[in-house]
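Residue numbers begin at 1 in each chain, while the letters A, B, ... track the order of the sequences.
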Amino acid sequence: MTPTVSASGLSLHYGRTRALDDVSLRLTPGVTGLLGPNGAGKTTLLRVLATAVPADRGAFTVLGHDPATSRGRQEVRRRLGYLPQTPGFHPDFTAFEFVDYVAILKELAGRGERHREVRRVLDEVGLRDVRGRRIRKLSGGMRQRVALAAALVGDPGFLVLDEPTVGLDPEQRMRFRELIAGAGEGRTVLLSTHQTEDVAMLCHRVVVMARGAVRFDGTPAELTARAGGRVWSSAGRDPGAKAGWRTGGGSFRNVGDPPAGAELAEPTLEDGYLLVLDGDGDTAEVAA
Amino acid sequence: MSDVDGWHVAEGDLRDYARGELAVPLLWSADAHLTGCAHCRGVLAELSDPAALDAGWERLDAELDAPRPGWFEGLLVRCGVGDGTARLLAATPVLRRSWFGAVAAVLVTTFLVAFSAGAVERPALFLALAPLLPLAGVAVAYGPVMDPTYEMAVVAPVHGFRLLMIRTVAVLVVALGVNGLASLAMPGYGLTALAWLLPGLALTTAGLALTPRLGPVGGPVAVGAVWVALLVLASAERGAGAPLAPFTAAGQGVSAGLVLVGAGFLFVFRDRFDVLGRGAV
């Protein structure tokens, strides 16, 4: 299958900080999850692939276009949907006006055609009934859906979503996951997240980053399999474990190299993620 | 707007409407009127072929569904600005604040100049401050600090430099217009009262040229600081009764040269406005 995104050797430094370190990956249609702790380089990678920030080294193409040239960057942007980590809004705009504004930025010509597209994407994210409401009066979940609608304007072939479920309550998160799953049908979605649940429920593929580098690239099942035979339960925290936490049942769940005779447990995606990080991440960030 | 007051859409306008060629704001009037006027709907039906009529109703439905533009956006459209450009300008509330700020600053300066005995012969205060207004307006019209959708705008196909220029021109039209009116309010100074124009353009161009390196606020602030320092220096060195150096013929020539150099620099490095500035990352 021809990849939508093909990147090789991407590196980026901010002063002496190495934000991206020789990142290579290929993205195909469907939802790819990008997991990693804070400071792993997820947002930087997303900004580079979204053409917001140029890499110091390396190259990539999106849908066959090379963003290193002005013309190529323009072509990529015409096929790109981007939801930044903290999407900004003009609070006095209504949902319709805001998405219309983004449609103008996306060069949708003609008022009639543009408004048809705005109505389509607002319908797609379930905001038809509140399209005339001011953004400052919308809930956090609704605002996030407005931002997703804006990203979907123009039916982009490559959709970049930077932690879209952060700050949403469980019900809103489920609703948002449904929307992302729908958006991933027939297009390539790169979803940055802290939540292994998001990856387990949505993604056909997962990339784990730490310290600016790719630590794992494969299917969620392969990431889970990394923890096969390396998860065990114990009455207390095992000092030899790479990570351990108390479960709801009172026992401790440990990941690492189990001692002889340990009571092995069924591995999860989260266990595989912790082992791939191998001390590079702040394990407290991972929901237990 | 209805049968009640006897007004109807002109037949020519209805014909244009049926062909989809009626332009705003007449299009909006026709849309609003047709929903409440059976007579005009009947005339429209006679003028239209069925397929075009269906398209027209679909368009009408879409128009009714779309929000009416706010007063500011509507004003821009009525002034001849395209509806897309008007939305791009309306999406920067801080732009309006900068305009109001420019008006207030010019009024205050004019008042001070007009009523200051020492300034009657030389409008130095006005000339010193007037060039800073467009510079300040441009500084707050674009960039991550002032535009909440900056990151979305940067990755949009609309070129960042074009967006910057649209907002810059909007700022300049208002700021230079207000300064110009203030100059007219001081007829006693003659052409001297317009000596702010070239320095104003030079400062704005220099501020924009430094933006990729120092950021959309840092660039104009640095240029503004240099301008103030230059005025202080010029003030200390000038002879009694002589104008400040930037407002002499030579100073105006230097300003014009700076405008040209800055414009060339902006054109050559326009792609630098097409990605996030390091300060925004």
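- For the residue pair A/Asp162 and A/Thr43, a side-chain donor N or O sits within less than 3.5 Å of a side-chain acceptor on the partner.
- The heavy-atom pair separating A/Lys42 from A/Leu35 by the smallest distance is CD-C, 3.7 Å.
- No cation-pi contact links A/Arg173 to A/Phe176, judged by a cut-off of 6.0 Å to the six-membered ring centre and 45° from its axis.
- Comparing A/Thr51, A/Leu105, A/Leu108 by heavy-atom pairs within less than 4.5 Å of chain B, the highest count is held by A/Leu105.
- In terms of heavy-atom proximity, A/Leu161 sits nearest to A/Leu148 at CD2-CD1, 3.9 Å.
- Residue pairs meeting the side-chain hydrogen bond (donor to acceptor under 3.5 Å, both in side chains) criterion with at least one member in residues 155-165 of chain B, sequence neighbours excluded: B/His159-B/Asp271.
- For the residue pair A/Asp21 / A/Ser11, no side-chain donor-acceptor distance below 3.5 Å is found, with atom types taken as modelled.
- Close approach to chain B, defined as a heavy atom under 4.5 Å from one of its heavy atoms, is seen in A/Arg77, A/Arg78, A/Leu80, A/Tyr82, A/Pro84, A/Pro87, A/Gly88 of residues 77-88 of chain A, taken by number.
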